[in-house]
2 protein chains.
Amino acid sequence: MTANPSDRQPGATTRRGRRPSTSPLQLEEVAFGLFASKGFEATTVDDIATAAGIGRRTFFRYFESKNDVVWGSFAEHLDYMRQRFAECPPDQPLMDAVRTVVVDFNRFDPDEVPWHRRRMELILRVPALQAHSTLRYAAWREVVAEFAARRLGMSVGDLVPQALAYAALGAALAAYEHWLAHPGEQLSDIIDSTMRDLAGGFGAR
Amino acid sequence: MTANPSDRQPGATTRRGRRPSTSPLQLEEVAFGLFASKGFEATTVDDIATAAGIGRRTFFRYFESKNDVVWGSFAEHLDYMRQRFAECPPDQPLMDAVRTVVVDFNRFDPDEVPWHRRRMELILRVPALQAHSTLRYAAWREVVAEFAARRLGMSVGDLVPQALAYAALGAALAAYEHWLAHPGEQLSDIIDSTMRDLAGGFGAR
DNA sequence: AGCATAATGGCATCGAGTGCCAAAATGGAA
DNA sequence: TTCCATTTTGGCACTCGATGCCATTATGCT
């Protein structure tokens with residue numbers, strides 16, 4: 001279970017000290033297994049650490065909290081979304097751009113879908129995670145707000161881009177909940193439809 | 001600091017056992033004082049209990065968690081919102097109704113405003129409370145979704161009313177954050193403007 | 001005075017999270 | 001090979017939120 005020494009980065013000076021005995025991804029897999037069998041709340045950090053063959057203290061060097069385990073490498077994914085926004089044609093209407101990017105950001109390979117569903121079931125249904133996730137959503141909103149602000153010639157902190165980002169997040173969450181409740185449907189279709197409703201002001205007249 | 005015996009409900013059979021030694025409201029006031037001086041995180045439940053002259057164990061009979069203290073009597077307020085929705089003229093366009101009710105729901109007497117601001121500063125700025133508040137927001141959304149569903153001839157769980165509720169919540173939160181950052185402005189004006197943006201699809205064309 | 005009722009608060013326990021630090025592992029240099 | 005610098009590990013102690021258990025206290029009724 002030790003990392004392969006040949007994994008070293010080519011450019012980097014060869015590493016010095018002791019090698020990490022596991023990885024975030026590996027811990028995530030172990031943890032998800034336990035969550036699936038015992039449930040999230042009933043799984044203690046000790047359980048995860050023991051199952052992964054590390055000390056409890058070490059677990060907290062890989063993840064800030066037990067909650068964070070379920071979020072995987074979300075921060076890196078956000079970079080992708082930011083990049084997708086940057087690539088939007090300047091003449092594309094704001095809400096069209098938001099819709100297409102959000103839909104795109106939530107596209108997954110068919111073989112990743114079951115895993116993603118399990119992740120989202122935890123995030124959206126376990127109260128402790130529902131709560132904690134709010135903090136992650138802030139980063140997501142910021143990416144949307146940055147883009148909206150740029151397009152509207154405002155600053156990120158301004159009311160309109162912030163409200164837009166908040167509303168877009170809400171729409172996406174509603175779409176996700178629907179997706180969890182209706183396994184037959186396509187996530188991207190649901191998000192697309194919901195973002196259209198949002199852009200249409202939910203039929204306001 | 002003992003409740004007045006003459007506080008008894010007229011219709012109720014006279015109470016039997018020992019009288020409560022404090023009240024949620026009183027605890028809330030004590031707690032807010034401590035939060036203001038030491039900060040939320042640095043204030044322990046022991047601090048609050050001691051300051052209120054009760055045992056730590058008793059505190060948890062008045063509030064499920066330390067987080068819950070800041071929410072006061074939110075559940076009862078929600079009943080008011082539900083009622084306001086029920087009173088909306090049937091011919092009033094959906095998003096107009098949502099806007100006016102949400103604006104109305106967030107109107108406060110001028111003398112309540114400073115207290116409300118302190119409450120919302122905690123809720124929106126302390127990470128632990130930001131996270132925990134998500135759970136409270138669910139109840140708020142449900143009220144909006146119920147109304148939207150009724151108006152749209154759908155069920156509460158359906159995608160559109162849920163998305164609408166989520167988006168309305170988002171808009172309201174953005175408005176609140178703006179209000180906290182701009183003490184000079186009127187909360188109801190900010191919310192009204194933000195809800196109009198939402199109903200207008202943020203200028204989608 | 002005695003009884004039923006209701007709130008209190010101490011005690012023990014669990015689990016998340018953190019600071020501290022000695023021990024283990026590893027590559028490079030003498 | 002030996003020693004050193006570096007990095008990770010994991011045990012220990014501690015804080016704090018939260019919960020179950022239960023004897024104690026206060027209160028009104030009979």
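Chain letters run A, B, ... following the sequence lines, proteins first and then strands; every chain starts at 1. The structure presented is a predicted model; accordingly, all values stated were derived computationally and were not measured.
Annotation: the span from A:Leu164 atom CG to B:Phe202 atom CZ amounts to 5.0 Å, rounded to 0.5 Å. Between atom CH2 of residue B:Trp71 and atom CG of residue B:Leu129 there is a gap of 9.5 Å, rounded to the nearest 0.5 Å.
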Would you tabulate the side-chain donor-acceptor contacts of residues 45-54 of chain A under 3.5 Å, counting partners in other chains and residues two or more places apart, or write 'none'?
| residue | atom | partner | partner atom | Å |
| --- | --- | --- | --- | --- |
| A:Asp47 | OD1 | A:Thr44 | OG1 | 3.4 |
| A:Asp47 | OD2 | A:Lys38 | NZ | 2.8 |
| A:Asp47 | OD2 | A:Thr44 | N | 3.0 |
| A:Asp47 | OD2 | A:Thr44 | OG1 | 3.3 |
| A:Thr50 | OG1 | A:Asp46 | O | 2.8 |

Enumerate donor-acceptor pairs with a distance under 3.5 Å from any side-chain N or O in residues 145-153 of chain B to protein atoms, sequence neighbours excluded.
| residue | atom | partner | partner atom | Å |
| --- | --- | --- | --- | --- |
| B:Glu146 | OE1 | B:Arg82 | NE | 3.3 |
| B:Arg151 | NH1 | B:Gln92 | O | 2.5 |
| B:Arg151 | NH2 | B:Pro89 | O | 2.8 |

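Between A:Glu28 and A:Arg119, at least one side-chain N (NZ, or NE/NH1/NH2) sits under 4.0 Å from a carboxylate O, which counts as a salt bridge.
OP1 or OP2 of C:dT8 has at least one side-chain nitrogen or oxygen of B:Tyr62 nearer than 4.0 Å. Between D:dG28 and B:Thr14, no contact under 4.0 Å exists linking OP1 or OP2 to a side-chain N or O. In this model, the phosphate group of C:dA7 is not approached by any side-chain N or O of B:Ser21 to a distance below 4.0 Å at OP1 or OP2. Distances shown here put a side-chain N or O of A:Thr58 below 4.0 Å from the OP1 or OP2 atom of D:dG10.
Between the side chains of A:Asp197 and A:Thr194, not a single donor N or O lies within less than 3.5 Å of an accepting N or O.
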Please write out each protein N/O paired with an N/O of nucleotides 4-7 of chain D under 3.5 Å, distance rounded to 0.1 Å.
| residue | atom | partner | partner atom | Å |
| --- | --- | --- | --- | --- |
| D:dT7 | O2 | A:Arg18 | N | 3.1 |

Test side chain to side chain contact (heavy atoms under 4.5 Å, CB included) on A:Leu198 and B:Tyr166 and set out the steps. CA-CA 10 Å; A:Leu198 176 65; B:Tyr166 253 119; over 6 Å; no
Produce a footprint string for nucleotides 12-18 of chain C: one letter per nucleotide, 5' end first; B if the base is under 4.0 Å from any protein heavy atom, S if only the sugar-phosphate is, - if neither. ---SBBB
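For B:Thr134 against A:Gln130, the heavy-atom pair with the smallest separation is CG2-O, 3.8 Å.
Relative orientation of the B:Tyr176 and B:Trp179 rings is perpendicular, given thresholds of 30° and 60° on the angle between their planes.
Of all the residues in residues 125-137 of chain A, not one reaches under 4.0 Å from DNA chain C with any non-hydrogen atom.
Considering only residues two or more places apart in sequence or on other chains, A:His182 meets the ring-ring contact (aromatic ring centres under 6.0 Å, His included) condition with A:His178.
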